[in-house]
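Reading through the structure tokens given below for one structure.
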Amino acid sequence: MIQKLKNPEFVQRVQWLIDTRFDGIPARLSESSGVSRAGLSKILNEGTRPFARTVTKLVNGAGCSRDWLVDGIGEAFPGPADTTLCETRASYGPLPAPDAGLPERQRFIRIYTHVSALTRALPVETTPERLAKTIAIAAHAATPAEVGLDVAALESTIVAVEKALVQHGIALDAEQRAIITLNLRQLDLLTGGRFFDHILAALLDGHPRQAADAGIEPASCTATASADARIPSP
């Protein structure tokens with residue numbers, strides 16, 4: 001068996017990434033990189049440098065320089081040579097952590113699915129606005145205060161997604177709509193909230209309206225009944 005060499009400097013750099021990019025929470029780096037929590041804990045506690053494939057996951061998950069993480073060479077986050085891009089990026093403010101300001105992914109998907117199922121069971125007409133408000137309230141209640149969830153922004157994103165899917169005749173189940181919402185919110189945070197409408201339009205522009213021709217019920221709070229019925233166990 002190959003003996004891994006102790007590398008305290010490497011461990012210190014991993015800990016620095018956790019402290020500066022992930023609010024001091026190792027689980028967030030684990031989720032972002034795909035390195036298991038047990039694997040990350042082993043790196044931090046045993047003081048060893050992991051195999052190359054694990055290093056690659058850490059680099060991709062944290063968005064840092066591989067040379068810096070492995071050998072301490074150069075900067076952790078080398079800036080671009082184009083000064084115009086630097087100025088533009090600076091105007092957005094600091095890059096948020098991967099899940100900063102967002103509800104926990106799997107919890108949000110389950111909330112979206114449960115609320116979508118509930119809206120179909122109620123004898124009232126449910127609009128995208130009503131669906132979005134209910135999901136946002138539930139997500140806010142289930143998200144720790146320190147995450148800094150912007151309930152109004154989340155609600156408006158859900159409304160935009162639901163209406164856009166209906167407009168383009170795209171039928172998706174609740175889990176797919178929840179994933180789209182989370183990714184759009186993340187893009188919205190990364191771009192400083194400036195390009196949400198452009199991003200959504202670019203994704204859906206020119207998409208054929210196939211629902212009517214194929215007999216597919218479009219995505220909305222009353223759609224995808226069979227798919228939404230598969231509610232994950234709590």
Side-chain angles (χ1 to χ4, degrees), residues 21-23 25 27-35 37 57 60-63 92-119 126-168 170-205 207 218-221 223-224 227-228 230-234:
R21 297 278 285 172
F22 300 94
D23 299 326
I25 303 175
R28 292 186 175 180
L29 174 57
S30 176
E31 182 179 348
S32 177
S33 65
V35 176
R37 296 189 183 189
K57 289 182 178 181
N60 293 337
Y92 295 153
L95 188 68
D99 57 356
L102 295 173
E104 192 274 324
R105 188 179 185 86
Q106 291 305 317
R107 188 184 302 272
F108 181 72
I109 290 172
R110 289 172 61 185
I111 288 172
Y112 211 118
T113 303
H114 281 293
V115 173
S116 295
L118 282 171
T119 57
T126 304
T127 64
E129 290 81 5
R130 189 192 300 270
L131 176 72
K133 186 176 185 63
T134 307
I135 292 172
I137 290 173
H140 181 251
T143 302
E146 58 267 22
V147 172
L149 178 65
D150 188 334
V151 180
L154 179 63
E155 183 177 336
S156 64
T157 302
I158 296 171
V159 171
V161 168
E162 293 287 335
K163 286 186 173 180
L165 292 176
V166 171
Q167 180 182 359
H168 289 80
I170 302 173
L172 300 177
D173 62 29
E175 178 176 349
Q176 292 170 313
R177 282 148 39 214
I179 291 172
I180 290 173
T181 298
L182 282 178
N183 284 313
L184 282 173
R185 275 297 299 136
Q186 181 69 83
L187 286 170
D188 199 35
L189 290 167
L190 289 171
T191 59
R194 304 181 184 193
F195 302 109
F196 175 84
D197 292 336
H198 298 288
I199 292 171
L200 188 57
L203 288 171
L204 297 177
D205 187 38
H207 191 284
S220 71
C221 45
T224 63
D228 287 355
R230 300 190 296 273
I231 301 175
S233 58

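Annotation: side chain of R21 is not in contact with side chain of L29 (no heavy-atom distance under 4.5 Å). Contact annotation: the side chain of R177 approaches that of L131 to within less than 4.5 Å [non-hydrogen atoms, C-beta and beyond]. Between L154 and T181 there is a side-chain heavy-atom pair separated by less than 4.5 Å. Side-chain contact check for R107 versus T143: every heavy-atom pair is 4.5 Å or farther apart.
Here T127 contributes atom OG1 and K133 contributes atom NZ; the two are 11.0 Å apart, rounded to the nearest 0.5 Å. For the atom pair L165 CG and L172 CG, the distance stands at 5.0 Å (nearest 0.5 Å). With rounding to the nearest 0.5 angstrom, the NE2 atom of H114 is 12.0 Å from the CD1 atom of I135. Between atom CG of residue L184 and atom OG1 of residue T157 there is a gap of 7.0 Å, rounded to the nearest 0.5 Å.
Taking all atoms of both residues into account, the shortest heavy-atom contact from A178 to F108 is O-CE2, 3.6 Å. When every heavy atom of E129 is checked against every heavy atom of V159, the shortest pair comes out as CA-CG2, 3.9 Å. Of all heavy-atom pairs between E155 and A136, the closest is CB-CB, 3.9 Å. The two residues S32 and F22 make their nearest non-hydrogen contact at CB-CE2, 3.9 Å.
Of the possible donor and acceptor atoms, none in the side chain of D23 sits under 3.5 Å from a partner among the backbone N and O of I25. Between the side chain of S116 and the backbone N or O of T113, no donor-acceptor pair lies under 3.5 Å. Looking at S30, its side chain does come within 3.5 Å of a backbone N or O of R37 through a donor-acceptor pair.
Contacts of R105 classified as side-chain contact (heavy atoms from CB on, under 4.5 Å), with partners at least two apart in sequence or in another chain: E31, I109, I179, L182, N183. With sequence neighbours excluded, the residues forming a side-chain contact (heavy atoms from CB on, under 4.5 Å) with N60 are T56, listed by chain and number. Judged as a side-chain contact (heavy atoms from CB on, under 4.5 Å), and not counting sequence neighbours, the contacts of A138 are I111. For K57, there are no side chain to side chain donor-acceptor pair (under 3.5 Å) partners two or more places apart in sequence or in a different chain.
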Quiz item: Can T119 and T134 be said to form a side-chain contact (heavy atoms from CB on, under 4.5 Å), step by step?
Solution: CA-CA 10 Å; T119 57; T134 307; 5.7 Å; no
